[in-house]
Amino acid sequence: MMKGGAGRMQHSDKPKQEGHIWGSMRRTAFILGSGLLLLVAFWNSVTWHLQRFWGASGYFWQAQWERLLSTFEGKEWALYIIGAAQVPVLLFWVFNGLLLVVDTTGKPNFISRYRIQVDAEKLRQSVRTVLFNQCVISLPMLVFLYPILKLWGDPCRRELPTFHWFLLELAIFTLIEEVLFYYSHRLLHHPAFYKKIHKKHHEWTAPIGVISLYAHPIEHVVSNMLPVMVGPIIMGSHLSSITVWFSLALITTTISHCGYHLPFLPSPEFHDYHHLKFNQCYGVLGVLDHLHGTDTVFKQTKAYERHILLLGFTPLSESIPDALKKME
């Protein structure tokens with residue numbers, strides 16, 4: 001009797017779980033769609049002052065862009081490689097180089113105070129893996145992206161995008177990345193994929209900036225590159241938008257992995273907690289985690305209280321310390 005009852009309970013639970021997942025996905029589509037509509041509705045009022053600044057300086061940037069085009073005339077593909085690959089990677093290594101100095105030396109002290117957790121082992125292996133992913137995987141994918149972009153419109157076309165269009169692109173890029181990264185990342189945590197693929201990235205339970213791209217090649221393609229590339233493909237983006245977006249994506253993922261909750265920069269507490277616990281906080285923005293309930297444990301922690309923009313210079317680990325363990 002008990003076995004039969006248990007069997008019926010398990011059988012009836014499965015449709016409920018599936019219904020919960022589909023319900024969460026419908027709520028996700030509703031919230032993301034509503035957010036995009038609100039963004040468009042208030043577009044002119046929100047960006048009016050910035051548009052005035054852009055209009056005043058737009059002639060300058062257009063002139064610089066046309067000068068670049070004349071320099072690379074007939075070799076626009078080389079200009080594309082510089083903008084889409086070399087500039088973002090250069091910014092990635094400059095930023096991470098500064099962080100690596102602090103990680104390996106502990107100096108300057110005023111930065112090391114903001115460290116969340118520390119684990120500096122396997123650093124050389126990680127750097128080699130990151131360089132491999134960038135040179136052997138990312139670069140060929142970006143080269144292959146060029147003819148795809150040309151099908152929708154030349155990414156090196158003469159006219160720069162307007163300020164409003166550029167902001168709209170960034171909003172769409174961000175939403176697409178959130179959806180694709182959340183579901184691909186969560187899929188990689190499935191037992192069928194975790195041990196052989198995603199476990200490599202989770203060798204770092206206390207991450208540092210450079211390991212944001214420390215991943216199995218399959219993961220690097222599916223979860224690192226594609227979520228960022230799909231947006232520009234859909235929008236037929238200009239090289240200027242692509243360069244800014246790829247640079248922002250690399251800097252943002254570095255910050256989320258860096259292990260330092262620095263003043264006036266986005267909080268890394270959300271993704272840092274994912275590396276600590278593995279089964280929480282899969283996304284980038286946290287919207288899908290909220291809808292799917294994959295941040296409920298995180299919301300009960302001190303890390304969640306510290307998951308804010310630090311507007312002062314007192315480390316949040318000092319102003320919101322972890323609860324002291326009871327003496328046994």
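Values below: every heavy atom of this structure, side chains too, minus hydrogens, waters and symmetry copies.
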Looking at Arg306 and Asp322, is there a salt bridge between them, counting it only when a charged N and a carboxylate O are closer than 4.0 Å?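 Counted as a salt bridge, because a side-chain N and a carboxylate O are separated by less than 4.0 Å.
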Ring centres under 6.0 Å, that's the criterion: do [X] and [Y] meet it?
X	Y	value
Tyr114	Tyr260	no
His271	His257	yes
His275	His202	yes
Phe246	Phe92	no
Tyr282	His274	yes
Tyr194	His189	yes

Measure across [X] and [Y] and return the closest heavy-atom pair with its distance rounded to 0.1 Å.
X	Y	answer
Leu139	Ala85	CD1-CB, 4.0 Å
Gly83	Val87	O-CB, 4.1 Å
His216	Ile197	CB-O, 3.4 Å
Gly283	Phe270	O-CE2, 3.5 Å
Pro266	Ile255	O-CG2, 3.3 Å
Asn133	Ala215	ND2-O, 3.1 Å

Atom [atom1] of [X]: over 12 foreign heavy atoms under 6.0 Å:
X	atom1	value
Phe144	CZ	no
Lys302	NZ	yes
Glu318	CD	yes
Tyr146	OH	yes
Lys299	NZ	yes

Return the orientation label for the Phe173 and Trp245 ring planes: parallel under 30°, perpendicular over 60°, tilted otherwise.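 Tilted: the ring planes of Phe173 and Trp245 meet at 30° to 60°.
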Relative to each other, are the rings of Phe298 and His307 parallel, tilted or perpendicular (30° and 60° limits)?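 The arrangement is perpendicular - the two ring planes meet at more than 60°.
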With no hydrogens and no angle check, just 3.5 Å: does a side-chain donor-acceptor pair link [X] and [Y]?
X	Y	result
Ser240	His238	yes
Thr294	Gln280	no
His261	Ser317	no

Please check: side-chain N/O of Gln62 versus main-chain N/O of Arg158, any donor-acceptor pairing under 3.5 Å?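 The answer is yes, because a donor-acceptor pair under 3.5 Å joins these two groups.
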Between Glu159 (side chain only) and Arg157 (backbone N and O only), is there a donor and an acceptor less than 3.5 Å apart?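 Side chain of Glu159 to backbone of Arg157: no pair is present.
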State the CG-CD1 distance between Leu145 and Ile81, to the nearest 0.5 angstrom.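 The distance works out to 9.0 Å.
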Apply side-chain hydrogen bond (donor to acceptor under 3.5 Å, both in side chains) to the pair Trp93 and Gln134, showing each step before the final yes or no. CA-CA 11 Å; Trp93 282 109; Gln134 288 180 325; 2.8 Å; yes
Please identify which of these residues, Asp289, Leu285, Leu291, meets the side-chain contact (heavy atoms from CB on, under 4.5 Å) condition with Tyr182.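 The single option meeting the side-chain contact (heavy atoms from CB on, under 4.5 Å) with Tyr182 is Asp289.
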Does Leu310 belong to the same Ile/Leu/Val/Met/Phe/Trp/Tyr cluster as Ile111, with side-chain heavy atoms less than 4.5 Å apart forming each link?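 Yes: a chain of side-chain contacts under 4.5 Å links Leu310 to Ile111.
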